[in-house]
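Naming convention: chains lettered A, B, ... in sequence-line order (proteins, then strands); numbering from 1 in each chain. In this text, all values refer to a predicted model and were calculated from it rather than measured experimentally.
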Amino acid sequence: MWRRAALYIYALVAVIYLTLPFAWVAAVSFMPEREVTQQRWWPEEPTVGNYSLYFDVEGRSADVGAAIARQFPRAIFNSLIIGTAVMLLNLTCGSLAAYALARLPFRGNLLLLLFYLGSRSVPGVAIMIPMYLLMRSYGLLDTHLSVILSHTTFTLPFTIWILKGYFQTVPLDLERAARVDGCTPLGALVRVFLPVTTPGLVAVGIFAFIASWGEFLFALLFTTTIASRPVTVLASDFAQELQVPFTVIAAGGVLVILLPLVLSFIFQRLIIQGIGGSVTG
Amino acid sequence: MTVIKPFHLMARTRDVLPLLLNLPAVILLLAFIAYPIGISFWMSLHRYNLRRPDQVYFHGLENYANILASSEFWNALWISLYFTFMAVLLVIVIAMAIALLLHESFRGRGVVRALLLIPWAIPGVVNGLMWVGLLGDYGAFNAMLEDSVAAINYLFGINIVYTGMASPFVALNAAIGAHVWRSVPFACIIFLAAIQAIPTEQYRAARVDGATSWNRFRFITLPWLYHAVLVVAIFETMNGFRAFDLIYALTGGGPGDATHVIAWQTYKEAFARLDFGGANAYSYLITLITMTLAIIYIRLLYRRGLVQG
Amino acid sequence: MARVRLTNLTKHFGDVVAVDDVTLDIADREFLTLLGPSGCGKTTLLNMIAGLESPTSGEVWFDDRNVTAVPPERRDIAMVFQTYALYPHMSVFDNVAFGLKMRGVPAEERKRLVLAAAKTMEIGHLLDRKPRALSGGQRQRVALARAIVRDPGVFLLDEPLSNLDAQLRVVMRTELKRLHGDLEMTFVYVTHDQAESLILSDRIVVMKDGKIQQIGTPESIYDSPANTFVAGFVGSPPINLLKGVLEQSGSSGWRVVGEGFACEVATSMVERMEQPEGREVSLGVRAEDIGIDEAPSSAGPATETGGRTGNKDQSVGRAEVVVREPMGSDLYLTVDVGGTNVKVRTRPDNPADRGDVLDLFFDPGKIHLFDGQTGESLIPDL
């Protein structure tokens, strides 16, 4: 009995820890500006005024921060393009490499694995200058491609690592059965291996997408205009503008978070099983 | 084609397909990680300031010597070490606590599990902005902190002046707290998977042997989680040293140089001072530090025989 | 329908020789079992017949066709895997139909064949389910249905019963025997369970360390094992092996003398040996071929299984009972013969118990002699 009660209190503490910071910001995003200064937890007179700034561009153009807010839809579009491309590149390059590492014994596989692990341990700031110069020399600055390439390279090692672990959990006999049943090697891959590993592929795909959506440093360096600027960079622009009320910033933050949040809710089971199992497995 | 390759480099035919499958990934990583790392090293040996583009020349290890002699570097290094150490420690403890909770069966566990991913889904910059609000003058957490400081002052009859994010101590630890908050879910996922992999017979056997719940945790759960803890430590050490976006949004390195972590310092060298040579030397030092730590961890994994080739 | 021939088949994995120069002729519609402990190369051999592994050297022939380089999808085979390898993302129906679909069988025909196979394996009520919703025995039936539905020439089974519990294993064993009777296919069956191999096979191939130890019918493998390994591996409980030395007894007879026993052997066993005198041998005798007197002190008729009546001069020695194991229809006694444990099968009503000292009688027609060093049988094949 006491144990039960303690468990629920424990669970409550965990829930508060995980949600409170975001819950407060979400609440603030519905507050009129003056309520924030009263250090409230809950909007007394809820309003969507903070959000309308982002969508009613014409009507609110005189408001502080409107210049940034009006770029939001376009920035979200940029982030979507970049995130989707990063996801697809991760899935194709990653699953090919992981399949080879998990299934085909070959010389140098350990070396490759170490190369991937090593790549993962290079911090972004360590290569930002050469990357910047590289992108500049190829004329890729302020394009989606520059951000896509940089995001892909720092998510790919992780993707390969996870997928390799995930692929190894699939019994080899499944593909063998498919071969005996009349599939070519490629047929066995497409008709049996890929469908069976879909949960893992979805998990790493979502993972790469969310990582790209949230990345900041390279996005900040490579993009200069709204032609390619993703939402994270736009959100940080608020941090520079001192006059923007925090309620508006909060609404922007909620807008940025919305998509990854929804994705992580939908796919939470896959992500938790796919990622967790492969990392420790 | 009369190039003579060393024998061991010649690929056998059965090695060709797997290597081919790895090619796209390898090319990407070589082009955008290995090559930049090389360039970075080359540049770090040069005097290369964008303000004086006409004066680019090789000067060996001088950038390194300058950095190692500068108090800014040592300050940044210590802050980063403190930041990383605290972050790794707190992430492991909190994530473990939540993972153990999620392993228990109770009504509403699914809800907690679904909420677990919230902090992880929030981009670092937005996380920073969020905590700016929470800890700012009107922030909910700021109010709580103010009240608790007041309560402590009253109880102990002392007079601590609480200045919020203007205090270096508060700013640095708040940054750590915000960083940890966002890092907990990932670590928790790994711990949860590892806990679920522990055979339940082990616990039954320990029960029969008369082990208390603490002893069961100490002698079964923890040893089984050794691998997972090391993996999390590797990830979090790397993440700690590269913490940038959060600092950018939350403190901007301030107040003063209180949150000048090494990644921030590097960014400043490069894009505020435009000293690319010096900044690259900085980057190289960060890479070396993280690599060294990673190698130590990986050796620990190997020693336990937990990584198979 | 197919005859399978393997010629000098060898498979190396790096430095490990998994299969070493195997030549084997499997007759059409034969039930052939590859028997051996784990790691003996039997599964590798099966995989080479399937085309899932390519041999390092040697050839695989199906009838008059050299299939050594033919990939599995173009060999006329079906296979049942130890783990069943059912496709988890497909229903039972789709699992069974998959092979037909891959071979371009039209949908109508496919349905008819799947239903027929499902009927044979009694899984008609499961066709809509996913594999994860099935019990172990049901999965096994689906795996068999998937294999028989295509009516292949060669049917390969890799330890198909080893993941089932003991009772189900007995049921499925009978089922397999029935299947082989009904279907006109060649069965190649891999197992490490000697009882399965004895019950199911037309012929057994006993393997160890990648090499064939003996090929023969279950009877010949059981009754005249080629070496101590085969003798010890086939039969339960394992054959009793006693170390001893051959020596002349009387004018014309021979006997094996070892620690705690002395056993007469038929002259016919010895006469073709060169220099039998003093030769070190292992004497093998199965539990059911050992007789004991009913009880050490009883006056009843001292007879036992094995056909020979024992009297005191034919006793090979006296031995103390160490363990008594009643098994329902039989009773097994473990006795100590000069430090070696020997298992004896006797009637369940035998009162002998731990501590009793008994006279042992070996059935002279059922003893086996093996070379003391090489373990090869010294009895010429008849």
Give, as side chain, backbone, both or neither, the part of [X] having an atom under 4.5 angstrom from any heavy atom of chain A.
X: B/Leu192; value: side chain
X: B/Thr287; value: both
X: B/Met130; value: both
X: B/Phe32; value: both
X: B/Arg109; value: neither
X: B/Asn239; value: side chain
X: B/Phe271; value: side chain
X: B/Leu30; value: both
X: B/Ala31; value: backbone
X: B/Ser44; value: neither

Relative to the ring of [Y], is the ring of [X] parallel (under 30°), tilted (30 to 60°) or perpendicular (over 60°)?
X: A/Trp161; Y: A/Phe158; value: perpendicular
X: B/Tyr248; Y: B/Phe244; value: tilted
X: B/Phe141; Y: B/Trp131; value: perpendicular

If I measure from the heavy atoms of chain B, does A/Leu156 come under 4.5 Å with its side chain, its backbone, both, or neither? side chain
Between chain A and each of B/Val111, B/Ile27, B/Ile94, count heavy-atom pairs under 4.5 Å; write down the option with the most. B/Ile94
May I ask you to check whether B/Asn280 and B/Ser40 show a side-chain donor-acceptor distance below 3.5 Å? yes
Go through A/Val25, A/Leu263, A/Ile127, A/Ile129 and name the one with the most non-hydrogen pairs under 4.5 angstrom from chain B. A/Ile129
Ranked by heavy-atom pairs below 4.5 Å to chain B, first place among A/Leu221, A/Asn90, A/Leu117, A/Thr159 goes to A/Leu221
Keeping the roles fixed (side chain from B/Trp181, backbone from B/Asn127), state whether a donor-acceptor pair exists under 3.5 Å. no
